[in-house]
Amino acid sequence: MQSPTYLPPSGSVLAAELRLPTNALDYTILGIYFVVVLGIGFAARSSVKTSLDFFLSGRSLPAWITGLAFISANLGATEILGMAANSAQYGVYTVHWYWIGAIPAMVFLGLVMMPFYYGSKVRSVPEFLFLRFDKYAHLLSSILFAFAAILIAGVNLYSLAIVVEALLGWPQWVAIVVAGFFVLAYITLGGLSSAIYNEVLQFFVILAALIPIAALGLKRVGGWDGLTDSLDASHGQDFTTAWGGTGIGSANPLGANWLTIVLGLGFVLSFGYWTTNFAEVQRALSAKNLSAAKRTPLIAAYPKIFIVFLVMIPGLVAAVLVPKIGMKGNLQYNDAIPYLMQELLPNGVLGIAVTGLLAAFMAGMAANVSSFNTVFTTDIWARYVVKDREDAYYVRFGRGITVIGVLASMGTAFLASSFSNIMSYLQTLFSFFNVPMFVVFIVGMFWKRASVKSGFWGLLAGTTAAMVNYFVFYKQGIIGFPSDQGANFVSAIAGFVAGAVVMVAVSLFTAPKPAEELEGLVYGTRSPGMAEPPAAGDDAWYRRPALLGWGAVILAAACYIPFSL
């Protein structure tokens, strides 16, 4: 499949064509939202007394708050523009990113991995590698994660900038500075608590934006039947099915077969992202107890099952209304949502939609910036640079590094500009950074014999293998891949296999960690911190993680049926 041509949005005719007819009502709604966001930051400031308060909300939040924040942190550029772009380019195959590429991994995180994270009392995901392996694995993972967090925060900022330029006419640099300022303000004021409470608000604002776009879009093309009939005629029947054309050796819009979808997306990329991405896990670590921490990703799994419709339908509608979307001289795939906002929404609703988009990008950026400041402060600065200072010093440093993180995000925002589909860019980053970390976690958690040195070398080998596959084999044309996404799936598999093989090989020739130091860090062992008795009333079905988790998996699997027939 030919990769779509990138169209520079800045100052372009296309950006002017997407300009929205906003009025005072729309700007009033937007202004009210920003006032509330800053108000939450100021309100949360009074609760920040220690570094634990700043970085992990004092581990005091209830499960429903952390669960909504968990899903909202993911509702950034990836979810809104990226998945709509995915649908416009690849069709109904987008459902794989949710029902295979998210739900099973979220359930695994809640039921299997959260007891290790929360029970070991780590403040970050890389810190777990320090306990399980050594300082070298810990330092490498901390550096890689901090770098990835800034890159992904930049994606959200860049996405916001091109949307605001197209919709409101603001120059890109103005949009970047304004959004960056608000995120910087409420995170530095109230720390993670401010970010989480704003993410809960943003979750509902985002839904209020997406629901009218999806509903009115379906109405414009004659309902679901009219949509699928039009796409079948213009893109072929595989475009509106989940599994059509995915046999090995068959051609399909996604450029991937069922094996690479299941292994590359459903296992390696999915589990790598959801179980080791600290921007997500940090929300669960802020829960008030282990039971709430385990329920956090499981509560988030239920809205995740249905959000796919709110982002997939606009992309499919755009593919009908703009038959040449993604081609040179036409709208980009990333323009699907802005185009429908312009075409479908009246004033007032338009203001809510613009606010929802800004909320989505700010949620995604805030999640990555807050995780960046935690990892850089606790895992790099406090452990290797300035040790054993008073707690107030690290709170001040955390606020200072947040400023640097936001400024760095502004610098990386334009790295995303070479991708017409930003989802491809994000999946590329996940294959480089999240997948190698996942293989180190999974081998270390389930194999006691994994040695201290294997963590560092497995992480290094996995990252290198994924990058070599993408930049050398794919970009240099040594191996032909039908699409960026197909290449990303294979990069993820290569990174996972290389990391696992190197870990096994190194473990066979180096000494394992003493058994007494593995308590609570390896499956089958238990530390005192993990043995938490259930609280009164915890026998209700919605408080039982196993029932919540299996319910989400069954519901997600059932959703596949209409798209597989």
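Here the structure is a predicted model, which is why all the values come from computation and not from measurement. The basis for the numbers below is simple: all heavy atoms, side chains too, and nothing from hydrogens, waters or symmetry mates. The residues of the chain are indexed from 1 along the displayed sequence.
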Item to complete: Evaluate whether atom CH2 of Trp447 has more than 12 neighbouring non-hydrogen atoms of other residues, nucleotides or ligands under 6.0 angstrom away.
Response: yes
Fill in: Heavy-atom check, side chain of Tyr98 versus side chain of Val311, under 4.5 Å
yes
Practice prompt. Would you name the heavy atoms of Thr463 and Pro436 that are closest together and state the gap between them?
Written response: N-CG, 3.4 Å
Worksheet entry | Ring centres under 6.0 angstrom apart (Phe433, Phe145) | no
Worksheet item: Do Tyr90 and Tyr333 have ring centres separated by under 6.0 Å?
Response: no
Discussion item. Taking the six-membered ring for Trp, are Tyr560 and His96 closer than 6.0 Å centroid to centroid?
Written reply: yes
Discussion item. Any heavy-atom pair between the side chains of Ile313 and Ile213 that's under 4.5 Å?
Written reply: no
Worksheet item: Is there side-chain contact between Val490 and Phe473, with heavy atoms separated by less than 4.5 Å?
Response: no
Worksheet item: Crowded around Trp550 CH2? As in, over 12 foreign heavy atoms under 6.0 Å?
Response: no
Fill in: Heavy-atom side-chain proximity of Leu151 to Asn368 below 4.5 angstrom
no
Item to complete: Pick out which of Val354, Leu350, Val349, Thr355 makes a side-chain contact (heavy atoms from CB on, under 4.5 Å) with Asp26.
Response: Leu350
Practice prompt. Enter the distance from Ile80:CD1 to Leu210:CG here, rounded to the nearest 0.5 Å.
Written response: 4.5 Å
Practice prompt. Could you check if a side-chain atom of Cys559 sits within less than 4.5 angstrom of a side-chain atom of Ile305, using non-hydrogen atoms only?
Written response: yes
Worksheet item: Atom CG of Leu157 and atom OG of Ser409: how far apart are they, to the nearest 0.5 Å?
Response: 6.0 Å
Worksheet item: Can you tell me if Tyr339 uses its side chain to pair, donor with acceptor, with the backbone of Val322 under 3.5 Å?
Response: no
Worksheet, complete the sentence: dist Gln342:CD -> Ile337:CD1 (nearest 0.5 Å) comes out at 13.5 Å
Discussion item. Once side chain to side chain donor-acceptor pair (under 3.5 Å) is applied, what residue pairs with a partner in residues 490-499 remain, sequence neighbours excluded?
Written reply: Asn469-Ser491
Worksheet item: Any donor and acceptor pair, going by atom type alone, linking the side chain of Ser431 with main-chain N or O of Thr428 inside 3.5 Å?
Response: yes
Worksheet item: Should Ser370 and Arg283 be marked as a side chain to side chain donor-acceptor pair (under 3.5 Å) after you check the CA-CA gap, both sets of side-chain angles, and the distance that decides it?
Response: CA-CA 10 Å; Ser370 61; Arg283 274 75 195 143; 3.3 Å; yes
Worksheet item: Rounded to the nearest 0.5 Å, what separation is found between the CG atom of Leu109 and the CD atom of Glu280?
Response: 9.0 Å
Discussion item. Other residues, nucleotides and ligands only: do more than 12 of their heavy atoms fall within 6.0 Å of CZ on Phe147?
Written reply: no
Practice prompt. State, to 0.1 Å, how close Ala319 and Leu231 come at their nearest heavy-atom pair, and which atoms those are.
Written response: CB-CD2, 4.0 Å
Worksheet item: Below 6.0 angstrom between ring centroids: does that apply to Phe489 and Phe267?
Response: no
Practice prompt. Check side-chain contact (heavy atoms from CB on, under 4.5 Å) between Ala102 and all other residues, then give those that pass, not counting sequence neighbours.
Written response: Met106, Trp274, Lys304
Practice prompt. Give a yes or no on whether the backbone of Gln237 and the side-chain of Thr240 come within a donor-acceptor separation of less than 3.5 Å.
Written response: yes
Worksheet item: Looking only at atom types and distance, does a side-chain atom of Ser87 sit under 3.5 Å from a main-chain N or O of Gly315, one as donor and one as acceptor?
Response: no
Response to the item:
Rounded to the nearest 0.5 Å, the CE atom of Met113 sits from the CZ atom of Phe271 at a distance of 10.0 Å
Item to complete: Spell out, as yes or no, whether a donor-acceptor pair under 3.5 Å connects the side chain of Tyr117 to the backbone of Thr275.
Response: yes
Worksheet item: Are the side chain of Tyr302 and the backbone N or O of Ala552 linked by a donor-acceptor pair below 3.5 Å?
Response: yes
